[in-house]
Amino acid sequence: MPILVRFNGSPHRVFLHVKPVLQERDPTRHALVMFIEGEAVEETDDASERDVHGPADETIRQLQEELQLAQGRLRATREESEAANEELRAANEELQSINEEYRSTSEELETSKEELQSINEELQTVNNELKLKLESVSRAHSDLQNLMAATDVGTLFLDPAMRIKRFTPRLMELFNVTSNDEGRPITDFTHQLNYDDLTTHAQAVLRDLTPIEHEVPGRTGGWYLVRVRPYRTIDDKIDGVVATFVDITERRRAEEALRESEERLRQEIRLVELSRSPIFVWDFDNGILQWNRGSERLYGYQSSEVLGRRKDQLLQTVVPGSSFEALRQKLLEQGSWTGELLHKTKDGRTLTVESQIELLSSGGRRLVLESTRDVTDQRRWEKRQALLMNELTHRVKNTLAVVQSLARQTLRTTTSAEDFVARFEGRLEALAAAHKLLVDSNWEGAEIGELARTQLEAHVRSDPERLRIEGEAVTLPPELATPFGLVLHELATNAAKYGAFSNEKGSVSLTWELERRNDRRHLAVVWQECGGPAVTPPTRQGFGGVLIERSLPGTTVEREFAPTGVVCTFDIQLPEPEHNGESTGPK
Amino acid sequence: MENRPGPNEHPLRDLTILIAEDQFLIALDVEAMVRDAGAEILGPYLTVPTAREAAAHGRLSAAVLDFRLGEETTKEIAEILSARAIPFIFYTGQALPEDLPKAPVVAKPANRGVLVEAIAAAVRGASPVALSTT
């Protein structure tokens, strides 16, 4: 309905339109109020007075027109409102569908969120694993660092372009590198080795993939073993080379010393081999191991014949005054033995050797070094010397006793000093002559003919025809030769005093023959005088007669004083001419 | 000229002494010395076999033995005499081996007084120390 409202100094008509706002389920709470401005109105007082007073129809038509206009306007407004309402409804619907979408989206999001959570958990697990791995890697790295620091070997890692990747501290002694030099080419650095082929060798290793080893001298006198090998990654790819430098100075020195001592040993063995002294080595529990030239010469066995044979069996070792077993025992206790042994040669001779034996333990074996010296001749000679010395003393003393006896017995039977001197001197000369022959024969004996001539020739110097000496050469042993010399002297002295030598024409024959009776050698000697003065037997037995008849041991003597001449026969029992081993010695 | 002992110089009176000596001249000398000292003589024997027989079975008071008779020695004789408890001395010029029966030794050459006194001492059962030289 139109309402009159005064504004802008004049009254205006305003249409008030109220309409409830409908919502779907809600009861109407809101109302839509619309003010619609109408045309200005004249002063009501005047107009109304005039209308009232004028034409009232006019006013009513006017009012109707206005109502129709308002109604049209209302209709349009209502339509507009309805369209707006429609639009609102559509918007509402859209909103609703959007809302739906939101809700489904929200649900999807919820699902996604759950998925994310589970992924997150997985990631956490992976993360933990990675952390563990990282720790072990870091431990490995630290181990590696320590290993590098602790290793005593200079080690150099190079990449394929010969740049330093890594090295151990010991390398700094050889190459002038510092820890900051990683990544720089190794060729940029000087070093202490007489070794310029490192890069060449490294490249060769990279090419052939075979390690190279060299012993190179250092500039300060040491030696190093350089080993270059390819660097293989874990997945077996070649990524440079590893060079190690091991200090082998000590080893080289030891090797050199060993080489020298081996050389020396070889020379010594050669010396031993060539030595003329017999030297051989035998296993304490086994046979002969070495046999040098000297041994071959002394014993007659070739080296090839004796190796492996037991020494004591081969040489038939005799230990004088002991046994080989005792010798072995002594060796075990004292490690060495020196003394005389008897060894047999291949041709059966028994040698006296001076043996020096030493026991050595070598590699669990007991080796015996034995060197011997043949003293057979020396011992024989010494033995003979001692024997001779003993013999000499014996003979000198015996001879003195004989001389003493000669003096005393001569003294008993002489009447004057002159007589004594003449007789004693004669007997002493006879003794000396017999001794001279024995000395000349080295006391082996005297040949009977020679003995007779030395004793008798002095008596027939003017006419040798008066003496006949005849018989084969027979050697009288010393114990017979001396008295026989004296006996001949006494016979000759008697002949010169009373018998065949006492005149100008008498003669003496001395003959002998060697016979064998009862398996013994007998020498039958006959002294026969003739042409001398007529013989009369002596009235009393003098010392000379006693000498002639009794002084020859093992001898039967018969003295016959025939008027034509004295005949004296001797049956001398000779010892067998064999001598003990002495006669084989040097003479 | 002979050096005859007086009547109180017969220290070996009434004894019989065996002599074994291969050198006849020495034997003769010993025989003379011993006889002069008043003893009877058994021998002298120049070889071991003859001396052995006398030593084993003879009637004797004492003996004078050379050690070496020819190629043999009187060791055997000494053993026989020891076994018979007959005193004896060695009259020798050489060193004696160890394994002989113990007996006084008179070194050759000895003068008569020494030899006779040694025999007498052996007979008395006391061997003077001064004489047991080798």
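Quick caveat: nothing in here was measured; it's all calculated off a predicted structure. Note that these values count all heavy atoms, side chains included, but never hydrogens, waters or copies made by symmetry. By convention in this document, chain letters (A, B, ...) are assigned in the order of the sequence lines, proteins followed by strands, and residues within each chain are numbered from 1.
- B:Leu25 pairs with exactly one of A:Val402, A:Asn398, A:Thr482 by the side chain to side chain contact (heavy atoms under 4.5 Å, CB included) rule, that one being A:Val402.
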> Given the rule in the side-chain contact (heavy atoms from CB on, under 4.5 Å) test, do B:Gln23 and A:Glu479 qualify, once you have shown the distances and angles that lead to the verdict?
Replying inline: CA-CA 7 Å; B:Gln23 293 265 354; A:Glu479 66 271 17; 5.9 Å; no
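- Surrounding OH of A:Tyr498 are at most 12 heavy atoms belonging to other residues, nucleotides or ligands under 6.0 Å away.
- Considering only heavy-atom pairs separated by less than 4.5 Å from chain B, the leading option among A:Thr393, A:Leu547, A:Val396 is A:Leu547.
- B:Met33 contributes atom CE, which lies 8.0 Å from atom OG of A:Ser405 (distance to the nearest 0.5 angstrom).
- In plain terms, the two heavy atoms of A:Lys397 and B:Gly93 that are nearest each other are CD-O, 3.0 Å.
- Residue B:Ala27: no heavy atom, backbone or side chain, is found under 4.5 Å from chain A.
- B:Phe24 is not listed as a side-chain neighbour of A:Leu486, based on a closest heavy-atom distance of 4.5 Å or more.
- Both the backbone and the side chain of A:Pro553 come within less than 4.5 Å of a heavy atom of chain B.
- A:Gln404 and B:Pro109 get closest at one heavy-atom pair: OE1-CB, 3.4 Å.
- For the options B:Leu46, B:Ile26, B:Leu69, heavy-atom pairs under 4.5 Å to chain A are most numerous at B:Ile26.
- No more than 12 heavy-atom neighbours from other residues, nucleotides or ligands sit within 6.0 angstrom of CD on A:Glu513.
- Environment of CD in A:Glu558: sparse, with no more than 12 heavy atoms of neighbouring residues, nucleotides or ligands closer than 6.0 Å.
- Residues A:Arg408 and B:Arg112 share a closest heavy-atom pair of NH1-N, 4.0 Å.
- When heavy atoms are compared at a cutoff of 4.5 Å, B:Tyr91 approaches chain A solely by way of its side chain, counted from C-beta outward.
- Around CZ of B:Arg84, the count of heavy atoms belonging to other residues, nucleotides or ligands within 6.0 Å exceeds 12.
- Of the listed residues B:Val30, B:Asp66, B:Leu28, B:Thr47, the one with more heavy-atom pairs under 4.5 angstrom with chain A than any other is B:Leu28.
- Between chain B and the options A:Asn390, A:Leu400, A:Leu552, the largest number of non-hydrogen pairs under 4.5 Å is found for A:Leu400.
- Applying the 6.0 Å contact sphere to CD of A:Glu447 captures more than 12 heavy atoms from other residues, nucleotides or ligands.
- Between A:Arg412 and B:Asp29 there is no salt bridge, since no side-chain N of the basic residue sits under 4.0 Å from a carboxylate O of the acidic one.
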